[in-house]
Protein chains: 2
Amino acid sequence: MTNKTDERVPVNQILEGDCIERLRNLPDNSIDLIFADPPYFMQTDGILLRNNGTKFEGVEDEWDKFADYKEYDEFCSNWLKECRRILKPKGAIWVIGSFQNIYRLGYIMQNLGFWILNDVIWSKPNAPPNFKGTRFQNSHETLLWCSKSKNSGYTFNYKTMKQENGGKQDSSVWNIGICIGQERLKGEDGKKVHSTQKPEKLLYKIILSSTKPNDIVLDPFFGTGTTGAVAKKLGRNFIGIEREEKYIQEAKKRIDNTNQEKNELYNLGLEEKPPKISTYDLILKNKLIPNEIFYNSKGEEICKILKNGKVSDGIDELSIHDMPEKFIGRRMNGWEWFFVKRDGKLKSINDFRYEVKYEREN
Amino acid sequence: MTNKTDERVPVNQILEGDCIERLRNLPDNSIDLIFADPPYFMQTDGILLRNNGTKFEGVEDEWDKFADYKEYDEFCSNWLKECRRILKPKGAIWVIGSFQNIYRLGYIMQNLGFWILNDVIWSKPNAPPNFKGTRFQNSHETLLWCSKSKNSGYTFNYKTMKQENGGKQDSSVWNIGICIGQERLKGEDGKKVHSTQKPEKLLYKIILSSTKPNDIVLDPFFGTGTTGAVAKKLGRNFIGIEREEKYIQEAKKRIDNTNQEKNELYNLGLEEKPPKISTYDLILKNKLIPNEIFYNSKGEEICKILKNGKVSDGIDELSIHDMPEKFIGRRMNGWEWFFVKRDGKLKSINDFRYEVKYEREN
DNA sequence: CATTGATATGAATCCTACG
DNA sequence: ACGTAGGATTCATATCAAT
């Protein structure tokens, strides 16, 4: 099943030119996810030497220069407004920054109506040290994940991320190394192509957590196309916007050499909701027997199932979700709380819903 | 040696009443460090809560004063302005918040002229989970450490923090558990006094890293006085501002039951600079002999020391810091780079400075 | 081939006291 | 305020040469 496509939305392409102009050409409500890695406005001056006397090559690019906060704020306000316009109602945006700019971005985004879902910390185990010993080593960057507005929906593939995190709920602090080694794109001179290339693992978590297959992921500061490469691997569509020809060529080459990866996880099978089949349906299908006993997970007799699908403890006739409250003081998901006996063993009543679903489909 | 005290500054007391009013009564340029744990703005229900979960009482009966970002921003702008006014020229401020409010705070602080030195992540290994599985577990809070302005000085006890961090430069991500167990204040009913009391370890790192002994640490949202208790332990002075009588009583009791801890680390011996004794002084003291050879650490002959304290390689007469550039291409700390021979063994010229210092003091 | 050591480098608001 | 001289300062990882 593919998403509906809007012919005005040019997917899997890099749009060359000014970020704000290109955004203005995109239609309202057409993008599922935006990842934006804008200039940070680092405000460094002079040169920084390592303790061994070599020069640290930070960001000296023209694209990171702004006159003052006012000019930077205006620039960001403009591209963020366009981003919000083109997002689908249930779309979301991720923005990355560091302490130099992230407080500008967060403030502006809240004022524009974006709703922060999480701020995520990219903790870098291999960040450069503070050579001069003047502050704490700056070993993280910050990501803002926002829905379009306070009450708008959004995609979050909770179970998929839990699985990826070793079975534990994924948290707002991500430990990911900076992009070095083979992954770091280098030119013929052996120097890094882009001064701030992001690691694919970062984009992997972003895209996997908050898109569905075939969604459209837009990156208004595409650079060397990490967003495009990861989107392609995961079976999502991308749109890149980039001004500099040098980066565009590298990105095209990179994405052409990237293939979609076969991995069932990316199709979000873990996110599938249980089949909508009621206890009454299970009785009609002869999965549950009217008046048979419902047990809890410890094998204690709790109540019996009635032929109308409700359960009774001899006093009250309640839904399977309300009955647990009489025993443990709060409502529960009855599908996971109740068991019946089959061949002398406890069997979750939830299993029967999947059996019926399977039988229907085969 | 104690710091100069300003009689208008009431140290080691809790000032009862409205935060901004109390701040207004403090003199300009009188405080070394501020730690602020301000109310944060919960837009979900329109109620303003402290990070410790207690309701924040603004100006009497004006709850809706904080009904939107604008009013919250004004409140923060007001107390932050006062904080900046009362800070000494080389003073600094730490502010803690979460994603709901930290972007307001950071933006306002930058606009007021505060200069961010680091944003520090308090990563909580035992944070409560996201019960509904709707987002990433929010497992961190953010601290902003700022100097009064871009070029103002500040205190950073680099070597002390490096020592505390197992010999490695301390970083901007701090892994500290939330406050539980014995440390957690509980009322007579056995219930916690605060829902999210700050751990002492957090304040310990803040105060130890950025104050000197006897400095004055002000907390305008004092609560139950974690800042005061840790300041006392470390041999620093505190000033608390708190509006609620209940918390003032708890804080007083707590601080009275706290004692200054004896630990040489807190006196910042590690931060001491080498004695200011020149090579010329060492010649006068007969530690160095005019025209003797200076070696590098490999025992190679580099130059000779002249009677005026400069060194000469037969061509140039330079300082001990400039001479290494002729041999390895960059300036070095000559005190650590040069050696002389005594009893046939290499001896660092730096050792002589400590010898002279010791002889002077005894 | 495995191991060791030297070298290179990464979004950086990176010195400070004194005259 | 500004210039100058003194002198303090680095972590993880990849690569490559040497053993």
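These figures come from a predicted structure and were not determined experimentally. Just so you know, these numbers use all the heavy atoms, side chains as well, and skip hydrogens, waters and symmetry mates. Just so we're on the same page: letters track the sequence lines, and every chain starts at 1.
Shown here are the side chain to side chain donor-acceptor pair (under 3.5 Å) partners of D18(A), two or more places apart in sequence or in another chain: there are none. Residues satisfying the side-chain contact (heavy atoms from CB on, under 4.5 Å) test with E361(B), not counting sequence neighbours, are K357(B). With sequence neighbours left out, the side-chain contact (heavy atoms from CB on, under 4.5 Å) criterion links R85(B) to D28(B), E82(B). Partners of S210(B) under the side chain to side chain donor-acceptor pair (under 3.5 Å) rule, at least two apart in sequence or in another chain, are W94(B).
Scanning atom types as modelled, no donor and acceptor separated by under 3.5 angstrom connect the side chain of D64(A) and the base of dA12(C).
dT15(D) takes the anti form, because its glycosidic angle lies more than 90° either side of 0.
Not one side-chain nitrogen or oxygen of Q169(B) sits closer than 4.0 Å to the OP1 or OP2 atom of dA12(D). Remark: K55(A) is not in phosphate contact with dC14(C), judged by side-chain N or O atoms under 4.0 Å from OP1 or OP2. For dA12(D), the OP1/OP2 oxygens have a side-chain nitrogen or oxygen of K168(B) closer than 4.0 Å.
Residue pairs that meet the side-chain hydrogen bond (donor to acceptor under 3.5 Å, both in side chains) test with at least one member in residues 191-200 of chain A, sequence neighbours left out, are D37(A)-K198(A), D61(A)-S195(A), H194(A)-T196(A), E200(A)-K233(A), E200(A)-R254(A). Listed by first and then second residue, the salt bridge (charged side-chain N to carboxylate O under 4.0 Å, His left out) pairs that reach into residues 298-309 of chain B come to none, sequence neighbours excluded. Sorted by first and then second residue, the side-chain hydrogen bond (donor to acceptor under 3.5 Å, both in side chains) pairs involving residues 155-164 of chain B (not counting sequence neighbours) are Y158(B)-Q169(B), T160(B)-E271(B), E164(B)-Y204(B).
What separates CG of N101(A) from C1' of dA11(C) is a distance of 9 Å, to the nearest Å. Rounded to a whole Å, the CZ atom of F136(A) is 14 Å from the P atom of dT10(D). Between I102(A) atom CD1 and dT13(C) atom P the separation is 15 Å, expressed in whole Å. Atom CE of M109(B) and atom C1' of dT13(C) are 15 Å apart (whole Å). If you take CZ of R330(B) and C1' of dT10(D), they are 12 Å apart, rounded to a whole angstrom.
Each of N130(A) and G181(A) was assigned the nucleotide of DNA chain D with the nearest heavy atom; the assignment lying further toward the 5' end belongs to N130(A).
Contacts with DNA chain D (heavy atom under 4.0 Å) in residues 264-288 of chain B: P274(B), listed by number. Interface residues of residues 148-159 of chain B facing DNA chain D, ordered by number: Y158(B), K159(B); criterion, heavy-atom separation under 4.0 Å.
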Protein-nucleotides 2-6 of chain D N/O pairs closer than 3.5 Å?
none

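Looking at heavy-atom distances under 4.0 Å, N333(B) makes contact with a base.
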The contact string for nucleotides 1-10 of chain C, one letter per nucleotide 5' to 3', using protein heavy atoms under 4.0 Å with B, S and - for base, sugar-phosphate only and none, comes out as --------BB
Secondary-structure string, 5' to 3', Watson-Crick or G-U under 3.5 Å, | for another-strand partners, for DNA chain C:
.|||||||||....|||||
